[in-house]
Amino acid sequence: MFMDLDNFKDINDSLGHDVGDQLLKDVAKRIGGLLRKGDTLSRIGGDEFVVVLTGLKSPDDAGQVAQKIIASVGQPYEIGPYTVSTGCSVGIAIYPDDGADATTLMRHADTAMYVAKSSGRRSYQFFSADMNLRATERVRMESGLRGALERGELQVYYQPRVDLASGTLTGTEALLRWRHPEHGLIQASNFLGIIEESGLIHSIGEWVLQQACTQAQTWQVYYGETFSISVNISVRQFNRALPARVRNALEASGLDPRVLELEITESSLGRNVEESRTILGELRKLGVRIVVDDFGTGVSSLSHLRRFNVDGIKIDASFVRGMPKNVDDRVVVKAMIEMARSLRMNTIAEGVESEDQLELLRGMGCEEYSGHLLGEPVTVEEFQRRWLSFNDKVVPLAPRCH
């Protein structure tokens, strides 16, 4: 069984190595407490652990042990003044079916672990033959991504956001795309996990932020129109270094901070509430707007939202999609809108695909929306043609940031 901890690097970086070291010790004690005499537990580096189970009657026994480990490791840890939460993903390889030697078994268990992580974390997976193909594809994609920025293959696409009452453009969201030389345009959802796990998210995420700010400043200068530009901030990007990176992008582009909107997921904010409030406070001092993305999908929606100084919420597309036929989804969306209004926050519905959804949102008092009803995300040139054509000026493209 090959396993590693979820978000350990973020905990280590934000709370310090002493906390990280103690967390590793506590995790090892919990795992060891679940094993039998004769089983082997080893930490092989960083936050990676290997367990060797012997004398099992069937592979299902390994699955039951994995479930117990995941449940135990996932319980909170009290370390000094901090309450720390983590989880683990587990990959399982069985001798001799999945390998006749230790090296092969380890490699296959590691492959299965990555599949477990990509399936949503805090889960386990048994190795299967087709995982080798997927692992090879993952390595190939990661290798391609490492040089994609330098080769000019990464692009920022833009999705409009519109006021429900007037139908006017209120903002645009910057979205990463990869124009692969062989496979064409690839959406971020197909490679974002690889960027996150490989650590490329920091350099690529900073590039997207710089590119979006430069483009927004260009639009302001040549159009004289002010509409917000939104940039997604991933879990790994949401750390103490974020305010400095945002400040650098604003200074380099000359963009008015009030134009920039950072979309931070609810799960990012809920990991460490006090740490999140500190980071948000530093961002607010810069003058940027903060919006909670994927709102409603986390467990802290009501209890923590009032503690964060944010400007708005984006209602997750999963709720919007179900509204026309699902009464429960309509009730939830209406409650979100009313709650946001009471807290003086803006409401944005994402993933709007039909006129039926739009009419329901309008009746509930939602203020803005985005989604495929307005069209797919498009290039800079196409965005200008579709959404800024009311102005006769020719707008040059923003200079490319590297």
Side-chain angles (χ1 to χ4, degrees), residues 118-123 157-177 185-193 228 230 232 234-235 261 263-270 291-306 308 310-378 382-383 386-387:
S118 65
S119 300
R121 301 176 184 269
R122 301 199 181 202
S123 64
Y157 273 46
Y158 296 90
Q159 185 171 48
R161 197 170 79 205
V162 166
D163 181 81
L164 262 113
S166 65
T168 57
L169 181 71
T170 57
T172 181
E173 182 177 358
L175 299 168
L176 180 64
R177 296 291 185 266
L185 191 66
I186 303 176
Q187 297 195 15
S189 57
N190 294 324
F191 61 85
L192 190 58
S228 66
S230 301
N232 293 286
S234 75
V235 172
E261 193 171 84
E263 297 188 8
I264 301 171
T265 62
E266 189 179 349
S267 59
S268 297
L269 296 173
V291 170
V292 181
D293 195 14
D294 297 337
F295 188 75
T297 59
V299 297
S300 58
S301 306
L302 299 177
S303 60
H304 290 322
L305 183 64
R306 60 185 176 81
F308 298 127
V310 300
D311 298 285
I313 61 171
K314 287 189 76 174
I315 301 169
D316 189 69
S318 61
F319 296 104
V320 174
R321 192 179 303 115
M323 282 196 310
K325 296 181 179 181
N326 191 313
V327 175
D328 290 341
D329 283 339
R330 292 199 295 272
V331 170
V332 169
V333 171
K334 184 174 177 59
M336 291 180 189
I337 294 171
E338 291 176 350
M339 179 190 63
R341 185 184 297 120
S342 68
L343 294 172
R344 297 181 296 280
M345 295 177 183
N346 190 36
T347 51
I348 307 155
E350 58 181 352
V352 177
E353 299 175 345
S354 70
E355 292 290 344
D356 289 344
Q357 295 168 351
L358 194 63
E359 286 305 312
L360 286 168
L361 290 166
R362 186 177 286 117
M364 294 174 184
C366 185
E367 294 161 300
E368 300 176 55
Y369 77 99
S370 65
H372 291 172
L373 186 62
L374 296 170
E376 300 280 344
V378 292
E382 186 66 12
F383 183 85
R386 292 187 188 182
W387 293 96

For N326, side chain to side chain donor-acceptor pair (under 3.5 Å) partners two or more places apart: none
All side chain to side chain donor-acceptor pair (under 3.5 Å) counterparts of T168, not counting sequence neighbours: S166
Trace of the side-chain hydrogen bond (donor to acceptor under 3.5 Å, both in side chains) decision for S370 with E350: CA-CA 5 Å; S370 65; E350 58 181 352; 5.5 Å; no
I want to check something: taking the side chain as every heavy atom from C-beta on, are [X] and [Y] in contact at a cut-off of under 4.5 Å?
X: N232; Y: E173; result: yes
X: M323; Y: V333; result: yes
X: I348; Y: T170; result: no
X: V352; Y: L361; result: yes
X: L373; Y: L358; result: yes
X: L269; Y: V292; result: yes
X: D316; Y: F295; result: no
X: W387; Y: L374; result: yes

Counterpart residues, ring pair (Phe, Tyr, Trp, His ring centres under 6.0 Å), relative to Y158 (two or more places apart): W219
If you measure from [atom1] on [X] to [atom2] on [Y], what distance do you get to the nearest 0.5 Å?
X: R362; Y: Y369; atom1: CZ; atom2: OH; answer: 7.5 Å
X: L192; Y: I186; atom1: CG; atom2: CD1; answer: 13.0 Å
X: T172; Y: E261; atom1: OG1; atom2: CD; answer: 11.0 Å
X: F319; Y: Q357; atom1: CZ; atom2: CD; answer: 14.0 Å

Sidechain-backbone polar pair: E338 side chain, A335 backbone, donor-acceptor under 3.5 Å: no
Whether E359 side chain and E355 backbone form a donor-acceptor pair below 3.5 Å: no
Compare every heavy atom of [Y] with every heavy atom of [X], then report the nearest pair and how far apart it is.
X: M345; Y: G312; result: CB-CA, 4.0 Å
X: L175; Y: P377; result: CD1-CG, 3.7 Å
X: L176; Y: A188; result: O-CB, 3.4 Å
X: L169; Y: P160; result: CD1-CB, 3.8 Å
X: C366; Y: E368; result: SG-O, 3.4 Å
X: S318; Y: D329; result: O-OD2, 4.2 Å

Full working for side chain to side chain contact (heavy atoms under 4.5 Å, CB included) between V235 and T265: CA-CA 7 Å; V235 172; T265 62; 4.2 Å; yes
S230 vs Q159, side chain to side chain contact (heavy atoms under 4.5 Å, CB included): CA-CA, chis, key distance, verdict: CA-CA 10 Å; S230 301; Q159 185 171 48; over 6 Å; no
Of N346, D293, T347, the residue whose pairing with K314 passes side chain to side chain contact (heavy atoms under 4.5 Å, CB included): D293
